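Position 1 is the first residue of the sequence; numbering continues from there. Every value quoted in this text rests on a predicted model; they were computed, and no experiment measured them.
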Amino acid sequence: MRTRARGRRRRHNPLRRRSDVVEAWTAVAVALLLLVGAPLAGVLAGLWAHDGARTVALEQRAERHRVRAEVIGASPHRLPSVQGGRERAYRATVRWTEPGREARTAVARVPAGSRQGDVVDVWFDSRGRGVAPPPDDVAVWQHAVSIGLCAAGGAAAVTLLGHGAVRHVSLRHRMCEWERDWARTGPEWTRGKA
């Protein structure tokens with residue numbers, strides 16, 4: 001005695017409606033999009049964001065330079081030393097001396113909690129303005145990962161919203177089909193009972 005393993009064949013089933021088939025294939029497509037499409041979109045967006053952020057960071061590193069300077073005055077609008085658990089920078093007057101030059105003074109960003117007389121690292125751009133330090137590799141990766149996660153989440157949300165819309169339309173079509181079929185068969189069932 002032999003048994004045959006048969007694959008799934010398309011069979012005619014009078015209870016299966018076209019809306020059921022559409023909904024089943026939509027569920028397969030949604031599963032593929034959620035398992036493959038959304039992560040792929042996140043990876044591609046993250047790689048794109050990493051390349052862009054790395055380029056900006058390299059440009060800023062080339063344009064900006066760090067100087068060890070002494071804080072000689074505080075800004076009149078000094079921010080609190082800690083806000084929300086993160087240290088913030090504020091602007092203060094600093095003085096530093098470059099080799100072979102005279103002492104220079106400028107307003108630059110200094111770490112929160114710096115007092116007059118503290119020696120801190122400050123960053124200046126090519127025009128001599130005090131600027132934030134260029135992003136390091138960790139900041140570039142944080143940016144890339146956050147963009148990737150947002151893209152994956154957005155792709156998943158769009159997929160699920162589309163699936164919900166298809167299910168809603170499918171349900172409406174199914175109800176219309178049931179109403180039409182009941183209008184045809186209902187009188188035959190209720191003829192003798194009325």
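- For the atom pair OG1 of Thr97 and CD of Glu102, the computed distance is 9.0 Å after rounding to the nearest 0.5 Å.
- Residues Thr93 and Thr105 are in side-chain contact: their nearest non-hydrogen atoms beyond the backbone lie under 4.5 Å apart.
- In this structure the side chain of Arg95 never reaches within 4.5 angstrom of the side chain of Arg104, judged on heavy atoms.
- Under the 4.0 Å criterion applied to side-chain N and carboxylate O atoms, Arg61 and Asp137 are assigned as salt-bridge partners.
- The minimum heavy-atom distance linking Ala151 with Gly42 is given by the pair CB-CA, 4.1 Å.
- Smallest separation of non-hydrogen atoms from Thr159 and Leu33: CG2-CB, 3.8 Å.
- One finds the CD atom of Glu59 at 12.0 Å from the CZ atom of Arg54 (value rounded to the nearest 0.5 Å).
- The nearest pair of heavy atoms linking Phe124 to Val67 is CD1-CG2, 4.1 Å.
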Subject >> Candidate pair Leu34 and Leu160, rule side chain to side chain contact (heavy atoms under 4.5 Å, CB included), full reasoning >> reply: CA-CA 9 Å; Leu34 287 177; Leu160 292 174; 3.8 Å; yes
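- When all heavy atoms of Ala53 and His143 are compared, the pair lying nearest together is CB-CD2, 3.6 Å.
- Pairing each heavy atom of Pro135 with each of Gln60, the nearest pair is CD-OE1, 2.9 Å.
- Ala49 approaches Ala144 most closely through the heavy-atom pair CB-CA, 4.1 Å.
- Between Trp141 and His50, the ring-plane angle classifies as tilted under the 30° and 60° cut-offs.
- A side chain to side chain contact (heavy atoms under 4.5 Å, CB included) with Val94 holds for exactly one of Val110, Asp118, Ile72; it is Val110.
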**OP:** Start with the C-alpha gap between Val120 and Val71, add the side-chain angles, then the distance that decides, and say whether side chain to side chain contact (heavy atoms under 4.5 Å, CB included) holds.
**Re:** CA-CA 7 Å; Val120 296; Val71 179; 3.9 Å; yes
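- The structure places CH2 of Trp123 at 16.0 Å from CZ of Arg129, a figure rounded to the nearest 0.5 Å.
- Trp178 is linked by a ring-ring contact (aromatic ring centres under 6.0 Å, His included) to nothing, counting only residues two or more places apart in sequence or in another chain.
- Looking at heavy atoms from C-beta onward, Val131 lies out of side-chain contact with Arg109 at the 4.5 angstrom threshold.
- Residue pairs meeting the side chain to side chain donor-acceptor pair (under 3.5 Å) criterion with at least one partner in residues 62-73, sequence neighbours excluded, are Arg68-Asp121.
- For Arg167, the CZ atom counts as loosely surrounded, since its 6.0 Å shell holds 12 or fewer non-hydrogen atoms of other residues, nucleotides or ligands.
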